[in-house]
Amino acid sequence: MLEVAEALAAVIAHARPRRAETVALSPVVLGRVLAANAAADRDAPPFDKSLRDGYAVRSADCAGGAELRVIEEVPAGSLPTKAVGAGECTRLFTGAPIPAGADAVVMQEDTQPLDGGRVRITDKAVKPGQWVFPRGREMRAGDVVLPAGTVLNPAAVGVLAGLGAAEVPAFPWPRVAVLATGNELVPHAEEPGPGQIRNSNGPMLVSLAVRAGAAVHDLGIARDTAGELRARIEAGLDRTDVLILAGGVSVGKFDLVPGVLEELGVAPHVRQVRMKPGKPMFFGTRGETLVFGLPGNPVSAFVCFELFVRPALRVLAGHAEPGPRTATLPLAEAVAEVNDRPTYRPAKLEPAEVGWAVRPLPWAGAPDLRGLQPADALLVLPAGESRLDPGMPVSVVLLN
Ligand code: AMP
Ligand code: MG
């Protein structure tokens with residue numbers, strides 16, 4: 001039986017980023033990871049530009065106020081044609097290039113128009129460079145502006161657009177297939193007969209994988225027979241990067257999943273993990289395909305997804321940091337319990353006097369998905385006795 005950290009290390013050791021592809025710059029790149037450095041093809045801004053509507057001046061002309069002759073008007077998108085000489089200025093607008101000779105902009109609010117094409121400067125302390133955004137201040141031609149590995153957020157899309165990137169090299173989302181197993185399961189929209197229950201894990205795991213960015217294929221439900229499992233698993237294995245099975249991985253007579261997987265050439269790397277919920281957790285590989293056999297209890301399946309599957313999906317999607325993301329936070333209420341294994345308990349973050357605190361949720365154990373539902377964290381308790389007072393620091397795994 002492996003510790004959680006050992007099992008995670010085994011998963012990560014077998015996960016590789018998918019081969020990068022080129023995609024048109026559009027919102028479909030959101031959340032994906034940039035696969036190559038993106039560099040500036042020119043300076044930005046490409047010229048000294050005005051940050052205000054106003055007048056380009058020689059700052060030395062304006063000490064204590066001045067009256068200047070307006071020699072031309074330059075809107076954004078146009079070029080000045082005249083250099084600003086002594087006693088002169090150019091009217092310009094936000095984004096317009098600064099004309100030669102000028103070294104500052106006086107904003108319109110600090111001026112008064114006069115007759116005869118003249119303007120009074122009422123700003124008595126014009127500083128060189130004021131309201132000028134100098135050429136190359138944001139980036140220089142050749143600068144690596146977004147390094148490979150950058151997660152593409154909306155600002156990155158804007159930056160790439162500014163670089164003129166029509167296409168973006170990015171890692172594809174992983175392809176995931178989900179198969180629920182169990183003789184007792186009926187599809188969620190059907191009426192369960194005696195002894196039957198609805199399939200919660202399938203839709204939940206599909207949703208977890210979708211939330212992690214994956215392109216997901218729902219393989220439905222397989223009965224607990226070697227033949228049906230073999231057929232469904234084989235159908236799933238070939239066209240996916242990650243196959244997630246739920247149920248049938250424990251030691252019961254009908255827990256056939258690990259045996260069938262090995263028959264199909266899946267090399268096992270993890271069979272059991274010292275954790276609660278979720279001790280029976282299978283992880284194996286066939287070629288590049290990662291195969292997870294999660295326990296059937298819905299909360300066990302959820303916790304194993306967050307601790308092992310999501311980090312693998314992040315690596316496949318090109319992330320340098322697989323997670324899971326953890327934090328140390330004060331407890332919002334006392335905890336007193338004894339656990340035979342390290343325990344991951346549904347919990348909720350709440351604002352505290354300073355920062356955040358974590359409150360364990362009422363929870364009836366591995367089958368209690370309803371109890372887990374509001375959770376945005378898992379409170380991590382070590383094996384043995386935990387007697388913790390409010391305010392004591394505890395470790396949490398962050399969900400979402
Ligand atoms: P197993 O890991 O197959 O032994 O299942 C453990 C428990 O989880 C059993 O009580 C199952 O009925 C339940 N279970 C298994 N699969 C599902 C599922 N897809 N949805 C809801 N409960 C399930
Ligand atoms: Mg079962």
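Just so we're clear, the structure is a prediction, and the values are computed from it rather than from any experiment. In listed order, ligands and their atoms are each counted from 1.
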Item to check | Flag, side chain of D110 to backbone of V106, donor-acceptor distance under 3.5 Å | outcome: no

Next on the checklist: When you compare ligand 1 with E184, is there at least one nitrogen or oxygen pair between them that comes in under 3.5 angstrom?
Outcome noted: yes

Checklist entry - Below 4.0 angstrom, N of the basic side chain to O of the carboxylate: do D48 and R135 qualify? => result no

Item to check | A180, any N or O under 3.5 Å of ligand 1 N or O | outcome: no

Next on the checklist: Closer than 4.0 Å to some heavy atom of I197 - which atoms of ligand 1 meet that?
Outcome noted: 12 (O), 21 (C), 22 (N), 23 (C)

Item to check | Check: S59 side chain, A104 main-chain N or O, donor-acceptor pair, under 3.5 Å | outcome: no

Checklist entry - At what distance is the nearest protein heavy atom to atom 15 (C) of ligand 1, and which residue and atom is it? => result G296 O, 3.4 Å

Next on the checklist: Donor-acceptor pair, distance only, cut-off 3.5 Å: does the side chain of T94 make one with the backbone of D53?
Outcome noted: yes

Item to check | I221 contact mode with ligand 1 (heavy-atom cut-off under 4.0 Å) | outcome: neither

Item to check | Carboxylate-amine/guanidinium proximity below 4.0 Å for R271 and E262 | outcome: yes

Checklist entry - Got the closest protein heavy atom to atom 3 (O) of ligand 1, with its distance? => result G248 N, 2.8 Å

Checklist entry - Non-hydrogen atoms of S250 versus ligand 1: any pair closer than 4.0 Å? => result no

Checklist outcome for this item: Nearest non-hydrogen protein atom to atom 20 (N) of ligand 1, with distance, is S200 N, 3.0 Å

Checklist entry - Which class fits the ring pair H269 and F283: parallel under 30°, tilted 30 to 60°, perpendicular over 60°? => result tilted

Item to check | Note: R232-E228 ion pair, threshold 4.0 Å (strictly below) | outcome: yes

Item to check | V249, portion touching ligand 1 at heavy-atom distance under 4.0 Å | outcome: neither

Checklist entry - Tell me, which protein residue and heavy-atom name are nearest atom 6 (C) of ligand 1, and how many Å apart are they? => result N297 N, 3.7 Å

Item to check | Enumerated ligand 1 atoms positioned under 4.0 Å from heavy atoms of R198 | outcome: 20 (N), 21 (C)

Next on the checklist: Between E72 and K82 (side chain of the first, backbone of the second, donor and acceptor by atom type, cut-off under 3.5 Å), is there such a pair?
Outcome noted: yes

Checklist entry - Which atoms of ligand 1 sit under 4.0 Å from any heavy atom of G247? => result 2 (O), 3 (O)

Item to check | Residue and atom name of the nearest protein heavy atom (relative to atom 17 (C) of ligand 1), distance in Å to one decimal | outcome: N201 ND2, 3.2 Å

Checklist entry - Is R387 salt-bridged to E385, going by a charged N under 4.0 Å from an acidic O? => result yes

Checklist entry - Among protein heavy atoms, which sits nearest to atom 4 (O) of ligand 1, and what does the distance come to when rounded to 0.1 Å? => result D255 OD1, 3.8 Å

Next on the checklist: Taking distance alone, with N or O pairs closer than 3.5 Å, would you say A246 contacts ligand 1?
Outcome noted: no

Next on the checklist: Under 4.0 Å, counting heavy atoms only: does M204 come that close to any atom of ligand 1?
Outcome noted: no

Next on the checklist: To check your reading of the model: name the closest protein heavy atom to atom 19 (N) of ligand 1, its residue, and the distance in Å.
Outcome noted: N199 OD1, 2.9 Å

Checklist entry - Considering the options I244, N201, L245, which one meets the side chain to side chain contact (heavy atoms under 4.5 Å, CB included) requirement together with L294? => result I244

Next on the checklist: Using modelled atom types and a 3.5 Å cut-off, is there a donor and acceptor pairing between side-chain atoms of D241 and backbone atoms of P174?
Outcome noted: no

